[in-house]
Amino acid sequence: MSGSDDEYFARLDAEKKEKLRAKLEQEAAEAAKEDLRKLHWHRCGKCGSSMETHLFRGVDIEVCQACGAVLLDQGELETLAGHDRSSLFSGIIDLFGGKKAH
Ligand SMILES: [Zn+2]
């Protein structure tokens, strides 16, 4: 019977190791994500300069101080577009939020 016991414990050990490996992998992925967030926080996605927050039509938008690129948070484009979905905005909203719009 000791043979099957050994097998059982070996399998248990392997499962523990696999769980630990998955946990460490997940922690590493989260740490990498946090590093990226810190590195890019309030930085322009085009030129890397710092972004400045401006209140525009009731929405806080980020504007790059160097190149003028604008960054909108999720839902802000919809807020800016308001009920006017027939214009230029609808095309842009479809581009970014297509899944939500349908
Ligand atoms: Zn920029």
Side-chain angles (χ1 to χ4, degrees):
M1 275 328 251
S2 74
S4 69
D5 279 354
D6 285 351
E7 210 171 88
Y8 171 75
F9 284 115
R11 202 177 59 222
L12 206 66
D13 205 36
E15 279 172 11
K16 268 187 193 166
K17 276 180 189 162
E18 174 57 25
K19 270 185 190 165
L20 184 66
R21 193 194 57 77
K23 188 171 174 261
L24 290 175
E25 221 167 61
Q26 195 192 345
E27 280 172 4
E30 276 166 23
K33 207 170 150 188
E34 180 63 13
D35 282 350
L36 273 179
R37 197 186 65 81
K38 277 183 189 159
L39 190 65
H40 295 279
W41 181 247
H42 265 253
R43 290 282 166 188
C44 176
K46 291 179 92 175
C47 74
S49 297
S50 59
M51 307 287 279
E52 199 172 59
T53 305
H54 291 271
L55 189 67
F56 178 71
R57 294 185 187 175
V59 173
D60 278 332
I61 62 171
E62 314 298 324
V63 182
C64 175
Q65 291 176 293
C67 76
V70 173
L71 180 74
L72 297 171
D73 288 339
Q74 191 172 28
E76 287 182 342
L77 185 63
E78 285 89 337
T79 304
L80 288 175
H83 296 298
D84 182 14
R85 296 293 172 90
S86 62
S87 67
L88 154 81
F89 279 119
S90 65
I92 301 173
I93 288 169
D94 282 348
L95 260 182
F96 298 107
K99 340 154 205 137
K100 256 198 311 187
H102 299 293

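In listed order, ligands and their atoms are each counted from 1. Worth knowing before you read on, the calculation uses all heavy atoms, side chains too, and leaves out hydrogens, waters and symmetry mates.
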Using salt bridge (Lys or Arg N to Asp or Glu O under 4.0 Å) as the criterion, list what pairs up with E18, not counting sequence neighbours.
->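 So E18 forms a salt bridge (Lys or Arg N to Asp or Glu O under 4.0 Å) with R21.
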
Verify same cluster id: V59, L71 (apolar side-chain graph, 4.5 Å) =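 Different clusters.
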
Heavy atoms only: give me the nearest Q65-E52 pair and the separation to one decimal.
->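 Looking at all heavy atoms of both residues, the closest pair is NE2-OE2, 3.0 Å.
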
Under 2.8 Å from the Zn ion (ligand 1), which protein atoms of type N, O or S occur, listed by chain and number?
->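 As for protein N, O or S atoms lying under 2.8 Å from the Zn ion (ligand 1), they are C44 SG, C47 SG, C64 SG, C67 SG.
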
Please assess E34 against R37 for the test salt bridge (Lys or Arg N to Asp or Glu O under 4.0 Å), listing each intermediate value before the final yes or no.
-> CA-CA 5 Å; E34 180 63 13; R37 197 186 65 81; 3.1 Å; yes

Carboxylate-amine/guanidinium proximity below 4.0 Å for E27 and K23 =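 Yes, this pair counts.
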
With side chains defined as the heavy atoms from C-beta onward, is the minimum distance between H42 and T53 less than 4.5 Å?
->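 In contact.
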
